Amino acid sequence: MKKVRKPASKTDQKMMRKKDETIVFFRGIGSAMTLAAAAEKQGRRIEMTDLSPIENAAMIVKDGRIIACGPEKELAKKKALLKKAREVDLKGRTILPAFSECHTHLIFAGNRAGEFERRNQGESYQSIARSGGGILATVEPTRATKEKDLAKVGQRRADRFLRQGVTTIEAKSGYGLDVETEFKMLKAAGTVRGPRIVRTFLGAHAIPKDFASAEAYINHLIAEALPRLKGEGHACRVDIFVEDGYFNSAVSKKYLQAAKEMGFDLVVHADQLTRSGGAALAVELGARSADHLIQVNDHDVKALAKSDVTCVLLPSSDLYMNCAYPPARKMIEAGARVALATDFNPGSCPSQDLALVGVLARIQMKMSLAQVISAYTVGAAYALGFGRELGALTEGRKADFSVLDGDHQELFLEIGRMPISEVYREGERLV
Ligand code: NIG
Ligand code: FE
C-alpha cells in the first residue's frame with residue numbers, strides 16, 4: 001500500500017524557510033496536465049483541449065505556491081531564482097492537479113451494512129428510514145463515540161482519499177443531530193492531518209426523535225446551533241437535506257436564509273429522491289453547490305447553468321441506491337459547472353473509490369474523460385470555495401498535484417485503482 005507521509009510540523013516548516021529551501025524546482029516532468037484552460041473557463045463546457053498539457057515541463061514552487069509552470073527549457077533560464085531552489089526530478093512522469101473530494105460524510109461511527117442487503121432485497125431507502133434505519137441509525141453510535149475515536153477513523157478515511165490523489169476533503173457533520181455531537185464530529189474532522197479538511201455543518205440532515213416537526217427542529221437550529229457554530233468557528237458552511245420526509249422547500253428556505261444572514265456559505269442536498277426544490281433554492285440563495293440533482297428538470301438545469309452554483313454529481317451513491325443518474329450531459333451542454341464526488345457515507349454510499357465515481361460518470365452519464373478530470377479538480381475546487389486557489393497548475397495557485405503512474409488516460413478506468421504514485425500538497429510530498 002502507498003505510504004502516507006507525515007506532513008511537516010509548524011516548526012519544521014519554519015526551519016525549512018530559514019534554510020531558504022522554500023523554492024522547489026520540479027523538473028523532468030514528461031507531461032503536465034495543467035487544466036489552465038479548464039480553470040479559465042471556470043469548469044464550464046469542458047473539452048479535451050482544456051486539460052492544457054505541456055510536454056517536457058517543469059514547475060517552480062515558492063512557499064507552497066506555483067510561481068511558474070511551463071516548458072523546462074524556458075523555466076531553466078530563470079537562473080537567479082533556481083540557484084536557491086531545491087530540485088526534484090520527476091523522471092519523465094505525468095503530473096496533474098490534486099483532486100478535491102467536495103461531498104463526504106467523513107466522520108461517523110458504526111456501519112449500516114444490513115441496509116444494503118435490505119435494499120437489494122426490495123426495501124426502499126425511505127421505508128428503511130421510516131422503520132428506524134437510515135440516518136437516525138448512525139446517530140446512536142456516533143453520539144456514543146468519543147471525539148478522539150471519531151478522529152481516528154476520520155484520519156484513516158482521509159488517508160485513503162489522499163492515496164488516490166485527493167488533497168482537499170469536505171467533511172460534513174449530520175450524524176449527531178444535537179449540538180454537542182454535531183460539534184464533536186466537526187472537531188474530530190478538524191484534527192485530521194495531511195489533506196486539508198473543509199468542514200460543513202449538516203445539523204439539518206434528519207429530524208431527531210425528540211422534535212415534533214421539521215419546523216420545530218429548524219427553529220432550534222436557527223436559534224441555538226447556528227449562533228454557537230458562528231461563535232465557536234467549527235465550520236463556515238451549512239448544508240441541508242431538502243427532501244420529502246426530511247426538510248421541505250419552505251422550511252429549508254427559512255434555514256438557509258438565516259444561515260446566509262449569519263455569513264455562512266450554503267450547500268444543498270438537492271432533488272435526490274424527489275424533485276423537492278433544492279436546486280431552485282440553491283440558485284435563489286447563491287449556494288456554493290447543489291448536490292445529487294437526479295430529479296431536476298430542464299428548467300432547473302437552465303437555472304443552474306446561468307448561476308454560479310456548482311452541480312455536484314455523486315454517481316456511486318446513485319449506483320448503491322440503484323436509481324437514475326443526473327442529466328450530466330444536459331448540464332454541461334447548458335454551461336453549468338459540474339463537479340464529481342463520492343458522497344462517502346454509511347448508508348447510500350459506503351465507498352471511497354474515486355475510480356468508481358469516474359467510471360460511472362463516463363459509462364452512465366457519458367461525461368468525457370476531460371470533463372471527469374475537470375469535475376474532480378476545477379469543479380470540485382469551486383464547490384469548496386477554492387476556485388481560484390486549487391484545481392489547476394497555473395501561476396499563483398497552491399502547488400497541490402499528483403504524479404501519475406502511467407498516462408492520464410489511465411485515470412478513471414480501473415475500478416478500485418487510481419494510478420497515482422506521489423501526492424504533493426503545497427509543494428510538500430504527502431504520499
Ligand atoms: O448524501 N441524502 C442524504 N444524505 C446522505 C445519505 C446519508 C445516509 O444515508 O446516512 C447522502 O446520500
Ligand atoms: Fe450526502
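Each ligand, and each atom within it, is numbered from 1 in the order the structure gives. The analysis underlying the following values was restricted to heavy atoms, covering all of them including side chains, and did not include hydrogens, waters or symmetry mates. Note that this is a predicted model, so its numbers are computed, not measured.
Between Tyr246 and Phe241, the ring planes are tilted. Angles from 30° to 60° get that label.
Taking a cutoff of 4.0 Å between a charged side-chain nitrogen and a carboxylate oxygen, Lys172 and Glu170 qualify as a salt bridge. A salt bridge links Arg337 and Asp308; the closest N-O separation between the charged side-chain nitrogens and carboxylate oxygens is under 4.0 Å. Under a 4.0 Å N-O distance rule, the pair Arg329/Glu333 qualifies as a salt bridge.
Taking CG from Leu106 and CD from Gln352, the interatomic distance works out to 7.0 Å, rounded to the nearest 0.5 Å.
Listed by chain and number, His103 NE2, His105 NE2, His269 NE2, Asp343 OD1 are the protein N/O/S atoms closer than 2.8 Å to the Fe ion (ligand 2), with waters left out.
Taking the six-membered ring for Trp and the full ring otherwise, the centers of Phe412 and Phe99 sit less than 6.0 Å from each other. In this structure, Tyr424 has its ring center under 6.0 Å from that of Phe26. Ring pair Phe108/Phe344: centre-to-centre distance below 6.0 Å.
A heavy-atom distance below 4.5 Å is not found between the side chains of Glu224 and Arg228.
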Pairs under 3.5 angstrom, nitrogen or oxygen on both sides, ligand 1 versus protein: list them out, please.
{"residue": "ligand 1", "atom": "1 (O)", "partner": "His105", "partner atom": "NE2", "Å": "3.4"}
{"residue": "ligand 1", "atom": "1 (O)", "partner": "His269", "partner atom": "NE2", "Å": "3.0"}
{"residue": "ligand 1", "atom": "1 (O)", "partner": "His292", "partner atom": "NE2", "Å": "2.9"}
{"residue": "ligand 1", "atom": "1 (O)", "partner": "Asp343", "partner atom": "OD1", "Å": "2.9"}
{"residue": "ligand 1", "atom": "1 (O)", "partner": "Asp343", "partner atom": "OD2", "Å": "2.9"}
{"residue": "ligand 1", "atom": "2 (N)", "partner": "Gln272", "partner atom": "OE1", "Å": "2.8"}
{"residue": "ligand 1", "atom": "4 (N)", "partner": "His205", "partner atom": "NE2", "Å": "2.9"}
{"residue": "ligand 1", "atom": "9 (O)", "partner": "Arg112", "partner atom": "NH2", "Å": "2.8"}
{"residue": "ligand 1", "atom": "9 (O)", "partner": "Tyr125", "partner atom": "OH", "Å": "2.5"}
{"residue": "ligand 1", "atom": "10 (O)", "partner": "Arg112", "partner atom": "NH1", "Å": "3.0"}
{"residue": "ligand 1", "atom": "10 (O)", "partner": "Arg112", "partner atom": "NH2", "Å": "3.2"}
{"residue": "ligand 1", "atom": "10 (O)", "partner": "Tyr175", "partner atom": "OH", "Å": "2.6"}
{"residue": "ligand 1", "atom": "12 (O)", "partner": "Asp343", "partner atom": "OD2", "Å": "2.8"}
{"residue": "ligand 1", "atom": "12 (O)", "partner": "Ser348", "partner atom": "OG", "Å": "2.5"}

